[in-house]
Structure formats: C-alpha cells, structure tokens
Number of protein chains: 4
Amino acid sequence: MSLAESRPQQDCPARGRPRSEAVERAILEGVMKLLEDGVPLADLSIERIARTAGVGKATIYRRWSDKEDLFVDVLRAAEPEDPELPGTSVRDDFVMLLESQRRRGLATRSSAILHNVYAQMKSSPKIWAAYHATVVAPRRRIGREVLRRGLENGELRRDVDIDLLHDMLVGPMLVRSLLRPDAPLEEGLAEQIVDTVLEGLRPVSSPGA
Amino acid sequence: MSLAESRPQQDCPARGRPRSEAVERAILEGVMKLLEDGVPLADLSIERIARTAGVGKATIYRRWSDKEDLFVDVLRAAEPEDPELPGTSVRDDFVMLLESQRRRGLATRSSAILHNVYAQMKSSPKIWAAYHATVVAPRRRIGREVLRRGLENGELRRDVDIDLLHDMLVGPMLVRSLLRPDAPLEEGLAEQIVDTVLEGLRPVSSPGA
Amino acid sequence: MSLAESRPQQDCPARGRPRSEAVERAILEGVMKLLEDGVPLADLSIERIARTAGVGKATIYRRWSDKEDLFVDVLRAAEPEDPELPGTSVRDDFVMLLESQRRRGLATRSSAILHNVYAQMKSSPKIWAAYHATVVAPRRRIGREVLRRGLENGELRRDVDIDLLHDMLVGPMLVRSLLRPDAPLEEGLAEQIVDTVLEGLRPVSSPGA
Amino acid sequence: MSLAESRPQQDCPARGRPRSEAVERAILEGVMKLLEDGVPLADLSIERIARTAGVGKATIYRRWSDKEDLFVDVLRAAEPEDPELPGTSVRDDFVMLLESQRRRGLATRSSAILHNVYAQMKSSPKIWAAYHATVVAPRRRIGREVLRRGLENGELRRDVDIDLLHDMLVGPMLVRSLLRPDAPLEEGLAEQIVDTVLEGLRPVSSPGA
DNA sequence: CGGTAATCGAGACGGTACGTCACGTCTTAAA
DNA sequence: TTTAAGACGTGACGTACCGTCTCGATTACCG
C-alpha cells in the first residue's frame, strides 16, 4: 500500500531488531517542522533532515530510497482525510469536496508543505506517478462518481461532459493555490464556485450568444 | 527588462573584449536541447550545461547569478507570444487565449520545458516571483480586461465575480496540464470550455434563474 | 593467558547458556580463510567476518573488544610451535631456530597471514605490545639464552656483543621476509646464515669445531 | 617519476588553472605533523587530513588516488638523501650507509612517520611495490654494488654470497627498528656492525685481524 | 521439570568516513 | 576584458562499517 516504509520483501516473521516507529515519526515530523519554518525545499538535504531528527542518515535511507521518495510520504502524511459526503445532491457533495480543499489551503502546515513539495514533485516523474496514483486519481474518481450519479438521476443535463465539468469545478481552487497563492480563501468560496459553475453565467436578457 | 544578461553597471562604451552573443544563444539552446531530450531538471548541473554548450562555467556565472536565474530566461525564451485578440466578443477573445495555451501544450519543446521548469520554480520563491511578474500576472491582466469589457457592454451578468469567472475559464486548462497531463488536448477544446462555462449547466428541465 | 576470550570477571560456575567453542573456531578459521584467499587486511571488516562465519556481530564483540584484538588471536593461532632445540652447540641450536622460521615462511597459511597481520600490527601500539610480549620477546629470550651458553662454555669469543650477534643471526631472515619477499628460501639457508655469521666469531684459541 | 602528483596524461601546455604547489606541501606537511603528534595511523582519515591542511577533500583526491597512495609520498618526503659514499673501502662505504639509516632512526620526524607508515604499507601490495621499487630496491642496489667492487678488488673473499652478506649487514639495523624499537642507537653502532660482520669474511690471504 | 539467565542469529540504531560530484570563486594563457 | 579550462574550499550525496542495542529463539544449569 505504502510507497516506502516496507521491508524489502519478506513474509518471514521479522528477524532482527524491528524498525522503530518513533524514528519514523520523528523524521516525518522533522521534515514538516523544517518546511513550516520556511526552509526552502532545496535546502532540505538528507543530511540536514537527519541532523534535525537526531537520526543517522542510514536510518532514513533504510526506509526511503530517495529524497523525493521521502517527500511523497511527507506529503501523504499532510493530506487531509477524504471528507464524508452528505450525498444529498451533486451540489452539496461538491461543496463538501471543495471545502475540504479550501480548509487544507488555510492550514499553515498543509499549505506550506504542499505548495513546496507538490511543485517539486512534478519534476520527478517517478514520484509524481506515485502521488498521482495514491492521491490525485482517487480524489478525481470520487468527484466523477458524484457527477455520474447526478447525471443519472437528472440533476445534470444529459449532454454534459463529465471530465470537463469536473475540471471546471476543481480548476478555480487549483488556480488559486498555484497561480494566485495570495488570493484569500474566504468562507463560502466553495459554495460560490459550485453554484456559479452549476448555474450558468449568461445574463438572463441574452438568451443566444 | 531582462532578469539577467546585463553587464554589472556601466555606461562606458564597453572596454575589453565584448561578450559573445553566440555564447549566450549556445547556452540557452543547450539547456532547451537537454530538457527536450528528457534530461530530468534535477540532473541539469551548471557544470553539465557548460560542458554541453562548450563553454566555461565562469561564462555562465557572468550572465546569470544562479541556476534558477538562468532557468527563468530559458522559460521566457520558450513562452509563446501573447496572441492577437480578435476583440469581437468575450467568447471569441477567450477562445483565442485558451487556444494559445492549448497549442503551447502540444509543442514538444515548450511542453517538455514548461512542465519541468514551471514545477521546479514553485519551490524557489525568488524565481517564482520573477516568473509570476513577467508571465503569469500580465496574462491574467489581459484576461481580466477582456472580462471587464464584457461586463461593461452587457455580455456578462452584472453580478459576476470577475476573478472567479476567470479562474473557471482558465482552470480546466491548468487542471489538464498539471493533474491530467495524459488527457488529450483536442482541437476545439478551447471553444468547448469557454462555451460551457459561459452557457450554464443546469438541466433544461429546470428553467428557473 | 589469552588476551581476550575471557568472560567479564566471574568465578561463579557460569550461569546461562555457555559460549559455543564451535563459534569461536568458526570465527578464527573464517578470518584465516579470508586472509589465505588474498583478501587485503584492510578489507576485513567485522561485518564481513561475521557474515563469512555465519555469526552475529555481537558474538564477535562479546569475545574480542576490537578488530585488532581479534587479529592478535588469529596471529597466535598461526604461529608455529617453538622448536625443540638439540642443545649440541650454538650452531646447531640456531640452525634449528632459523629453520623453523624458514619453514614458517614457506607455509602458505602462516605466510599469508603473518605478512599481512604482522605489518598491520605495527601501526597499533597496543596490539604490537601484546604480540611482542607473547611472541617476539620470548623467542628472542630463547635465542639469547643459546648465545649466552655458547659464551660461557667457550664456543664464542669473550668480547662478543650478544645482542648484536643475535641481530646478525636473525636479521637476514627478517630482511628476506620483509624486504625481499620474492627471494627463495632454499633448503640449507639457515645453515648458510649461521655458519657465515659464526665464522669470524669463534674464539681464536679454538681452531676446530 | 613520481607515483602521484602527475596530471592525468597530457603534454599539452597545461590548460586551466595550474595546481598549487603550496597546497601540495601543506598536505604532506599536515600528515607529517599529525604523525609526529602521535596520531595513530588508523585515525588518519582523508577527511581529517583535509581539515588539518585547510584543504578540500577533492584537492587531495585530485593528486592521490588513495590514502595509501598519499602515504607513499609522505614516506618518500621523509626519506633521507642517499649519502655520499667515500669510496675508500667496502668497510667505510657500508659504515656510511648504515650511519645514514641510524641517523634516520634518531630523527623524531622520520622515525615516527616511518615506523607507522612503513608497517601499514606492507598490508597494501600495490603500495608496497611502489615503495619497494622507488626506495628499497635502489638502496639495495647501491649496497650490492659496493660489495661487488669489494669482491673484485680482493677486499672480500671470493666465495662470499653477496646477497647474504648484504642481508647480514643490513639486518641488524632492521631488527632494531622493527623488533626492538626501544633499543638505543648508540654512536658507533654502524661501525660495530660492519666490523663484526666483515671480520670473518676477509680473504684468507690477508692475515691481518 | 520448569524457570532463569546468558547465548545465538539477525538486523536496526546514531555515528563517522568513504570517494564522487556539483557548487560558486579563483587563476591561468590565449584571443 | 572575455574566453575555455580547470583548480580551489565547501558541502551533500549514497554506501559501508563502526560498536551498541534490541528482537525472538536457543541452550544450559539450578532449584
């Protein structure tokens, strides 16, 4: 399941001294602490992480093959839980989905970490693939499922392109977090986005185009 | 205007041997070549760039203070020209804007370079600021101006939030390039996005609005 | 008696599981095997020794405090027995002493091990002291005793410096093993050395012998 | 000529910044200083040497491929000059040769360095070969040449084995420096050795004694 | 015979040093 | 003064051992 954190490949009943979970936590916590403190990602050498966590370098390499491999786990540790969907309507479900992203953007920890690590990851195809498979794709699948249901029960127009609609709903939040990180994430933003997208934007007076 | 590429600070008519423009081009071209060839951004050391371009390291440092400083110039060199807007309507203008982005995404060179460098940049605040100021912000300003005009001349509803609308228009393309890089960029995508956003998504059966 | 190989310090009749002698042998044999196979002494890590002997690292550290501490025991295990001296004359006794050294030099095992470990030991004062006290000094004491007897019973000239004479007898073999390891160790070499050295040192009064 | 200290292999007129001789000296001096100060050879890491000499590790590796490779040069730098031989007789020449070794043994610097590094070297065949070829063999050649002349002009008996005689002359000093490092190196030791050894080897025709 | 205690193999732990590589600065000779 | 070349001090890389420690599993003795 996990990317790293797994012993080579053995079903034997764990010989030798078992790995310390405390150490595991100390490392991940240490990285998050550094990122929160505004240390630029580029300055996060394995050596420095080890020093911060009071840990030997080998102990890190024993768990993660790579600096980026480690970052994926940091990232996942900072990911919010997928929210519980009300299921009352497409609108309500999506408001909930976007709200959870908005709140993540407000959390100092998540925010600082994500903006940094997320960006970095894109330059490493291998890691991006892992993150995409574990976080991005599942989340998209949930969103599409909501829309599919809406399409079936008549909440949405028959001819709607689900993928495009999904991108329209999700896009504004992404734009805000990546291209306009200074834009405020006001309460009610999620509702505003969802309602606007679902509602239509033409002035009532101009029926054509 | 440029970030780098300027002599220290002298108005005297350039004493000594003048800097070779050929060298300048060789460096930028060399970097782009490497990126196109699929070399991961992380593997692009100054030393390797110098070797590739057949140039001394000092020659690079004389022009750019930094690896990232250099990348900004590479990035700018790969940016497409801002398109000529038809000005006939909000819809047509935005189709043109998104079309230019779509085409950029299709160009091998731009695509390879941008996906790489764009991501990397986010982790370097200084460089991100520069890129934001030079590329992102101006482009947004153009888009907002189009929408503002549309709002004034009645093409758009009075109560529309321009920023949000802009994000809705721009977001899907961003989602596609960052979160779904495998999604095809079909001809007509720009039109589809703009029309869908501007048109409204409610099922025909619910006429209220 | 031994340098290591002793339990902490207890006279109680050994509680708990007793140490396995087989393990002890496996370790010493393992080291010798490796040295014979031409593994450079510097490449003999405790970890590798443990792996070779199929033994845990702690099991080694339980017996020897040190890598060098271990080597002293290896060295001692490879030392030849002190030869039985005929006692017929200074000449015959020393021929026997040198012969035993010559034969050691021919034995692959002893030779390989000794040339390696002997050299290394010199750079570790503690270990050199132990080896000197256990092997070098006793052997010298035997040699000197032989010469002393020869001096008393008139086999040697009165004015001979015993230490110097000893060095002259022992030196050539040392030169051969350290400075000229490629020189052959022919049968009869010991006799040749002893005879040549003693030639000029017999008392003037005793022309025969 | 030298073991290390040579550029890869180029006759081109030395492009780029030339290597600093000062740095070279600083490194060698630094190592000697450490050895004189009693630092055990095993504790002489490249990292520590670099720190002591105020030099980057790469600067050391640029000149010497190896720690042991470096030690050979240290050793050579500490070697005394080959002495000027009087040429008056075998006896006088050899007294001079041994005297130079005796004085070397008295010099703190040479002594400390040599006892340490010499021993270590034996455990590295490659380096020992280099040292043997550069220092040991030439010195032996000189000694043998002296003996050969003595044999030709009647100073020595016809039937003398030159190699054995050489070992007998050189051996005692080697025994003293390696097996009995605590033995004093009194003035006149060289003469005593040479005279004692040569006593029994003068041609029978020359009755003087 | 069942408990106690030291052993065994394995391997994780905080460290240190390895030898390589890139950083950004410098020094050279040639242009 | 700029150029290509490359040495310089610095410091991170990922690996290998160090000597210590913690595991569960074996042995022996002792009560």
Side-chain angles (χ1 to χ4, degrees), chain A residues 7 12-20 22-23 43-51 53-63 65-67, chain B residues 7 10 14-20 22-23 43-51 53-63 65-67, chain C residues 7-8 10 12-20 22-23 43-51 53-62 65-67, chain D residues 7 12-20 22-23 43-51 53-63 65-67:
Chain A
R7 291 236 184 171
C12 24
R15 305 219 289 164
R17 176 174 173 178
R19 292 195 187 156
S20 157
V23 162
D43 292 5
L44 274 197
S45 57
I46 292 277
E47 224 136 58
R48 179 167 184 178
I49 292 170
R51 238 177 295 139
V55 140
K57 275 199 295 175
T59 301
I60 296 182
Y61 284 113
R62 210 172 280 127
R63 286 148 215 269
S65 68
D66 225 67
K67 183 158 44 173
Chain B
R7 288 234 186 175
Q10 286 178 278
R15 307 225 296 152
R17 175 173 169 179
R19 287 193 190 162
S20 157
V23 162
D43 292 4
L44 274 195
S45 56
I46 291 279
E47 225 135 57
R48 179 168 184 178
I49 293 170
R51 235 177 298 137
V55 142
K57 279 199 294 176
T59 305
I60 295 180
Y61 283 112
R62 209 170 284 123
R63 284 147 218 268
S65 67
D66 228 59
K67 181 155 56 172
Chain C
R7 290 235 185 174
Q10 288 179 271
C12 26
R15 308 226 297 153
R17 176 176 173 177
R19 289 193 190 161
S20 158
V23 162
D43 293 4
L44 275 196
S45 56
I46 290 279
E47 223 135 58
R48 180 168 182 177
I49 292 170
R51 236 177 297 137
V55 140
K57 278 199 295 175
T59 302
I60 295 181
Y61 283 111
R62 211 172 281 124
S65 68
D66 227 58
K67 182 157 50 172
Chain D
R7 290 237 186 171
C12 23
R15 305 218 291 166
R17 177 176 173 178
R19 292 196 186 154
S20 159
V23 162
D43 292 5
L44 274 196
S45 58
I46 291 277
E47 222 137 59
R48 180 168 184 179
I49 293 170
R51 239 178 294 138
V55 141
K57 275 198 297 175
T59 302
I60 296 181
Y61 284 110
R62 210 172 280 125
R63 286 149 217 269
S65 68
D66 226 69
K67 184 158 46 171

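As the structure is a computational prediction, the values presented were derived from the model and not from experiment. Below, chain A is the first sequence line, B the second, and so on; all start at residue 1.
If you take NZ on K57(C) and CD1 on I46(C), they are separated by 9.0 Å, rounding to the nearest 0.5 Å. Interatomic distance, OH of Y61(A) versus NZ of K67(A), reported as 8.0 Å (0.5 Å rounding).
Between the CD1 atom of I60(C) and the P atom of dG11(E) there is a distance of 15 Å, given to the nearest Å. dA17(E) atom P lies 9 Å from atom CG of D43(D), rounded to whole Å.
Using a 4.0 Å cut-off, no side-chain N or O of R15(C) falls inside it from OP1 or OP2 of dA28(F). For dA4(F), neither phosphate oxygen OP1 nor OP2 lies less than 4.0 angstrom from any side-chain nitrogen or oxygen of R62(B).
For R19(C), the listed nucleotide lying nearest its side chain is dT7(E); candidates were dT7(E), dC8(F), dT3(F).
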Please list, for nucleotides 24-26 of chain F, all pairs of protein and nucleotide N/O atoms separated by less than 3.5 Å.
| residue | atom | partner | partner atom | Å |
| --- | --- | --- | --- | --- |
| dT26(F) | O2 | R17(C) | NH1 | 2.6 |

For nucleotides 10-15 of chain F, which of its nitrogen or oxygen atoms have a protein nitrogen or oxygen under 3.5 Å away, and what is each distance?
| residue | atom | partner | partner atom | Å |
| --- | --- | --- | --- | --- |
| dC13(F) | OP1 | I46(A) | N | 2.8 |
| dC13(F) | OP2 | I46(A) | N | 3.1 |
| dC13(F) | OP2 | E47(A) | N | 2.9 |
| dG14(F) | OP2 | Y61(A) | OH | 2.3 |
| dG14(F) | O5' | Y61(A) | OH | 3.3 |
| dG14(F) | N7 | K57(A) | NZ | 2.9 |
| dG14(F) | O6 | K57(A) | NZ | 2.7 |

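Minimum heavy-atom separation, R63(A) to V23(A): NH2-CG1, 3.9 Å. Across V55(C) and I60(C), no two heavy atoms sit closer than the pair CG1-CG1, 4.0 Å. The minimum heavy-atom distance between G56(A) and A50(A), with the atom names listed, is C-CB, 4.2 Å.
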